[in-house]
Protein chains: 2
Amino acid sequence: MSLTPEMDASIDDQAARAAWLYYVGGLTQDQIASEMGLSRQRAQRLVSRAVAAGLIHVRLNHHLARCVELEAALRARFGLVRCRVMPGLGPARDPVRSIAPAAAEEMERVLAESGSRVIALGTGRALRGMVDALSPVEAPQHRLVSLLGNIALDGSASYFEVIMRLAEKVRAPHYPMPVPVLVDTVEENRTLQSLTAVRKVRGLAQAADVTFVGVGQMSEDAPLLTDGFLTPDELHEIQRVGAAGEVAGWIYDRQGRYLDLALNARLTGVRVEIATPERPVIGIAAGEAKIMALRAALTSGIINGLVTDEPTAAGILAG
Amino acid sequence: MSLTPEMDASIDDQAARAAWLYYVGGLTQDQIASEMGLSRQRAQRLVSRAVAAGLIHVRLNHHLARCVELEAALRARFGLVRCRVMPGLGPARDPVRSIAPAAAEEMERVLAESGSRVIALGTGRALRGMVDALSPVEAPQHRLVSLLGNIALDGSASYFEVIMRLAEKVRAPHYPMPVPVLVDTVEENRTLQSLTAVRKVRGLAQAADVTFVGVGQMSEDAPLLTDGFLTPDELHEIQRVGAAGEVAGWIYDRQGRYLDLALNARLTGVRVEIATPERPVIGIAAGEAKIMALRAALTSGIINGLVTDEPTAAGILAG
DNA sequence: GGTGCGCGTGAGTATTTGCCCATACGGCGA
DNA sequence: TCGCCGTATGGGCAAATACTCACGCGCACC
């Protein structure tokens with residue numbers, strides 16, 4: 001993916017400088033080109049490179065009245081300790097884009113604490129977006145721990161791993177869950193759970209001071225299905241017994257009560273229990289499809305913090 | 001300046017939403033127009049309004065190698081507790097633009113502390129830029145105090161007042177210095193200093209946990225001259241006795257030793273004494289003209305923290 | 001009630017930007 | 001050594017954006 005680090009650094013430096021001149025200095029790409037002694041096209045490419053590489057962060061410093069209202073309503077109805085509602089980006093546009101900056105701010109808020117905290121993390125696209133939107137901060141006083149593994153059934157590790165990226169950005173000690181998300185048999189699971197390494201990570205995760213999780217829907221586009229953890233038949237069976245959503249792979253019904261499924265015995269991750277104000281669990285999720293799953297998790301208190309977007313917030317409250 | 005608050009809010013809301021769709025969502029202004037049901041021009045105006053009003057903040061998440069080097073060199077040479085060097089924006093462009101975001105970050109760093117702090121502030125364009133670039137944060141645990149008044153000799157209050165704006169953004173209790181910067185006679189000054197209100201503010205400022213100041217040059221374009229605190233003759237006389245710069249109106253020589261001037265007896269503000277690591281004084285300043293003033297202030301330790309830009313940093317180190 | 005002023009609006013236009021393509025450069029294998 | 005391929009570069013062009021101008025509306029003052 002990259003050339004020599006030296007080369008990369010120099011090009012990123014150039015990109016950063018061009019983007020700085022463009023966004024902070026307000027120069028045109030023409031002016032940047034002559035300032036830095038390159039062609040306009042190159043200047044343009046550097047700026048877009050900087051944006052693509054996430055070197056540039058844009059933040060909105062204004063609380064939209066509508067979003068503030070929705071936040072207040074959600075806080076009141078579900079007794080949330082944290083709640084952020086960001087403007088929607090219109091249909092057919094990835095809501096992760098909208099909520100990632102706000103989620104990153106929530107994370108930064110935790111990271112800014114000077115005392116040492118244990119921060120537990122789920123997986124998923126929304127959390128990945130959060131980490132990408134995060135500014136690098138040195139916060140080595142905290143410990144990061146995974147609620148679940150990042151190895152899929154087929155052994156691939158692509159399942160939107162979050163903890164390693166985050167640890168890299170904040171330079172904090174981190175404890176990934178060194179196991180597959182799901183194993184084939186109850187016995188395998190028991191063996192894994194007995195490993196000291198696994199037991200220590202589980203213990204840390206269960207004692208987390210704050211937890212960030214995604215929330216999965218159980219409709220036909222369920223992440224558990226698209227990521228290959230369930231077959232369509234299994235999904236339909238679980239839907240039939242009333243599945244409404246899942247957090248870290250653990251499936252619950254419309255009241256947010258965890259279901260007693262055969263699947264559970266093969267899940268290796270930590271189940272998030274009812275959140276308390278002292279040990280909040282922040283849900284990071286948005287999208288039409290997730291409304292029911294979110295309402296359920298909020299109802300029972302699996303999550304007591306929420307970062308979502310405007311249409312999703314409205315949908316949750318409409319129910 | 002503004003219409004009804006209601007009207008303002010609604011228009012800012014629109015602007016913020018348009019800017020969100022533009023910068024975060026990546027829509028074109030055409031798409032924003034149809035999404036929000038307005039004309040393309042209106043969408044464009046809303047976006048530029050949001051930028052002008054400071055609703056949109058852009059930050060660069062990359063440490064340019066050259067800037068990092070300069071920071072390290074400045075830290076080492078002057079024993080600084082904080083140091084930020086931002087890329088220059090080229091000549092003939094306001095360096096405040098470049099350093100304001102970094103200065104705002106330094107301020108946010110202090111504001112994020114959970115313990116209660118006393119934050120003292122000077123005045124000037126650079127500090128004003130810092131406050132404008134600051135994200136609104138609730139930090140009512142801190143107290144903000146002014147080092148000097150904001151009333152000029154002619155009674156006008158325009159001298160880049162900082163503390164009120166800052167207090168508005170962070171909702172912290174604030175203590176402006178309720179006097180002119182400079183008075184006509186020593187007796188007037190004595191009278192003012194004896195007022196309880198003034199004594200309390202002075203006491204608070206002198207005990208500040210952290211201080212943010214601009215740094216003024218004493219060349220022909222001295223802020224003290226352009227703001228009408230000195231006549232050209234006075235300036236030349238002070239230059240003759242070796243003035244190199246000024247902090248909060250107090251003038252020092254090339255070694256950063258405060259000068260014993262007749263003017264001093266008419267200055268009402270608090271003189272910033274040698275900074276300590278426990279009670280840092282952060283200088284916010286950049287520009288060719290300020291190099292000598294900065295080097296002097298750094299040499300004697302009037303300031304032990306610095307936010308500046310690349311050419312200024314290089315100039316300071318070159319001496 | 002008229003008149004002037006200021007603000008916001010939309011149309012038109014100049015500038016800027018993003019994208020595509022032809023081309024040049026450099027590494028690598030035949 | 002030659003030729004191929006992948007990558008980066010600059011020119012050109014269409015789209016997008018910013019600016020200017022003239023108009024219209026509302027408000028206040030006369």
Measure the distance from CZ on Arg49(B) to C1' on dC7(C) and round it to the nearest whole Å.
-> 11 Å
Residue pairs passing the salt bridge (charged side-chain N to carboxylate O under 4.0 Å, His left out) test where at least one lies in residues 34-44 of chain B, sequence neighbours excluded | Asp30(B)-Arg40(B)
How long is the gap from CG on Leu111(A) to CG on Leu134(A), to the nearest 0.5 Å?
-> 6.0 Å
Has Gln41(B) got more than 12 heavy atoms of other residues, nucleotides or ligands less than 6.0 Å from its CD?
-> yes
Contact check, residues 15-24 of chain A vs DNA chain D, heavy-atom distance under 4.0 Å, returns none
For atom CG of Leu27(B) and atom C1' of dT17(D), their distance in whole Å | 15 Å
Numerically ordered, the residues 32-47 of chain A set in heavy-atom contact under 4.0 Å with DNA chain D is Ser39(A), Gln41(A), Arg42(A), Arg45(A)
Charged N-O contact under 4.0 Å between Asp132(A) and Arg128(A) = yes
Test: Arg66(B) and Glu69(B) ion pair at under 4.0 Å | yes
Please give, in whole Å, the distance from dG11(D) C1' to Asp30(A) CG?
-> 13 Å
Would you indicate whether the side-chain heavy atoms of Arg125(B) and Asp94(B) approach each other to under 4.5 Å?
-> yes
For Arg59(A), does the CZ atom have more than 12 heavy-atom neighbours from other residues, nucleotides or ligands under 6.0 Å away?
-> yes
Can you tell me if Ser98(A) uses its side chain to pair, donor with acceptor, with the backbone of Pro95(A) under 3.5 Å?
-> no
Does the side chain of Gln29(B) get closer than 4.0 angstrom to OP1 or OP2 of dA18(D) through an N or O atom?
-> yes
